[in-house]
2 protein chains.
Amino acid sequence: MFGRSLIGPLGEATLSEKSSRSEVVYKALRQAILEQALRPGTKLSEDTIADHFKVSRTSVRAALVRLNAEGIVDLRVNKGACVAEPTLEEARDIFALRRMLEAEVIRRLVADLDAAGVKRLQQHVRQEEAALTDHGPLSIRLAGEFHILLAELTGSQALTRFVREIVSRCSLILARFARLHSPECAVDEHVQIIRALQSRDTATAERIMLEHLDAVELRAELDTGKEEPDISAILQRYARKG
Amino acid sequence: MFGRSLIGPLGEATLSEKSSRSEVVYKALRQAILEQALRPGTKLSEDTIADHFKVSRTSVRAALVRLNAEGIVDLRVNKGACVAEPTLEEARDIFALRRMLEAEVIRRLVADLDAAGVKRLQQHVRQEEAALTDHGPLSIRLAGEFHILLAELTGSQALTRFVREIVSRCSLILARFARLHSPECAVDEHVQIIRALQSRDTATAERIMLEHLDAVELRAELDTGKEEPDISAILQRYARKG
DNA sequence: CGCGTCAATATTGTATACAATCATGTTGAT
DNA sequence: ATCAACATGATTGTATACAATATTGACGCG
């Protein structure tokens, strides 16, 4: 699949590590949610998921518990799991925190970022550009992973962890509220961020990042088109993606 | 929002909610770890825990997965769980992030904090003072919960979530590296923080918070006294604490 | 005496079975 | 026809059983 240059933005697993079954389910569900294939509010029936991954409910439950701990799945006692539905209030709260975290990332990178890091960023943006044609889930994911890559380049595991979580939740928010994900502008803005980082100008870099995040947030306008899709077809696609 | 003036800083469960068994195990283990009754590196055998709580391994595993997601338990495939052992490098990383998060908390509180909030803080400090006599696990926990309470008073769920997680991990760090937890000075510093917040002087309040965190971090000096305690006696105490 | 090999044991990973709770649709009375 | 009570089926919570892997200790060899 993707050789992910040892580890991609999402890859915590090191090579040669045999994924447990709950791990497989976890990753697939997570990806499906973040790519907005599974939309907020979608019921996640344990039996359905177990059947489609050919595993037992035990493994499914473990995955759901993890996703719940990350805040992208809601888990109500005796009523099962569903993709989290952030409220508008939560959305604003999360975006505010995201601005703070990513401003910190930028400040650290302006001080620290080396040529190798710039190269990785540019490489990532090239991937984003390549994915633009399909307007699909891939570009959605890559847009988020750019920010995670930025956090990783700070070298701070803790900061990366938080950025990863908050980016996930923002994806969920966009999935819920944004009319359409139009990632092309984002790629442009990502290029600008890289340039600002190279210029070593903290104020400018921070400003551009904040403007970028504002632009992302602006796309979140109420649009409560709701339906209950059957998740079978979706899981079909994610069962063998890894 | 919801009347959580009824519940303490750690309480997410609302009243009359029947705790599932894995929830009970989760809370007990978490508390035991944060009160440093279970020290970093301690093996958490599923069978042992299941026996002591009179539940099946299923429930125990669910709790361990959650704790792992919060970063206070390590989970290695086929090798079981143990209390996380943060390295010195991770410790510094986490404290740096903590300073940033809590500075943000202070900035928000200087702008927002009302009389009711001050009252809750003072009440909490009184609890801390009352707990000082026993020098025990209670004072350790209360010291951490003061910071969580501060975060809650900002009204930001997301910020609270992150502060809670990072305070947990800092407890773990202190458990691993600090020679002795001497919480009496902390209480004094907490009082100062409240005063600074009341003064509405952002710069001062932030400075005092950062000094406080530095003081906490300073206690973390290498001291690798290691032993493998049997966790039975410890779990005995936590099985009926809730 | 040190050290590697292998069997026996213990522990974890996963599946299945059972119990408890919830959702749904039917029946019957007003 | 409306609504309540109940029975039935579906879904989740928990326990147990089995399979896979790791740990331990004994044994034999150098």
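Residue numbers start from 1 in every chain, and the chains themselves are labelled A, B, ... in the order their sequence lines are given, proteins ahead of strands.
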Under a 4.0 Å N-O cut-off, is there an ion pair linking Arg66(B) with Glu23(B)?
-> yes
Could you state the atom-to-atom distance from CG of Leu75(B) to P of dT11(C) in whole Å?
-> 16 Å
Just how far, in rounded Å, is P of dT12(C) from CD of Glu23(A)?
-> 18 Å
Nearest-0.5 Å distance that lies between atom CG in Leu101(B) and atom CD1 in Ile94(B) = 11.5 Å
Side chain to side chain donor-acceptor pair (under 3.5 Å) partners for Gln157(A), two or more places apart = none
Using a cut-off of strictly less than 4.0 Å, decide whether Lys43(B) has a side-chain nitrogen or oxygen near OP1 or OP2 of dA22(D).
-> no
Charged N-O contact under 4.0 Å between Arg164(B) and Glu70(B) | no
Provide a list of protein-nucleic acid N or O atom pairs under 3.5 angstrom, restricted to nucleotides 13-18 of chain D.
residue, atom, partner, partner atom, Å
dG13(D), OP1, Asn78(A), N, 3.0
dG13(D), OP2, Arg61(A), NH1, 2.4
dG13(D), OP2, Arg61(A), NH2, 3.0
dG13(D), N7, Arg57(A), NH2, 2.9
dG13(D), O6, Arg57(A), NH1, 3.2
dT14(D), OP1, Arg21(B), N, 2.8
dT14(D), O3', Arg21(B), NH1, 3.2
dA15(D), OP1, Arg21(B), NH1, 2.4
dA15(D), OP2, Ser56(B), N, 2.8
dA15(D), OP2, Ser56(B), OG, 2.7
dA15(D), OP2, Ser59(B), OG, 3.2
dA15(D), N7, Thr58(B), OG1, 2.9
dT16(D), O4, Thr58(B), OG1, 3.4

Rounded off to whole Å, could you give me the CG-to-P distance for the Asn68(A) and dT12(D) pair?
-> 14 Å
Taking the six-membered ring for Trp, is the centroid-to-centroid distance between His147(A) and His190(A) below 6.0 Å?
-> yes
Pair Glu165(B) + Arg169(B), salt bridge at N-O below 4.0 Å | yes
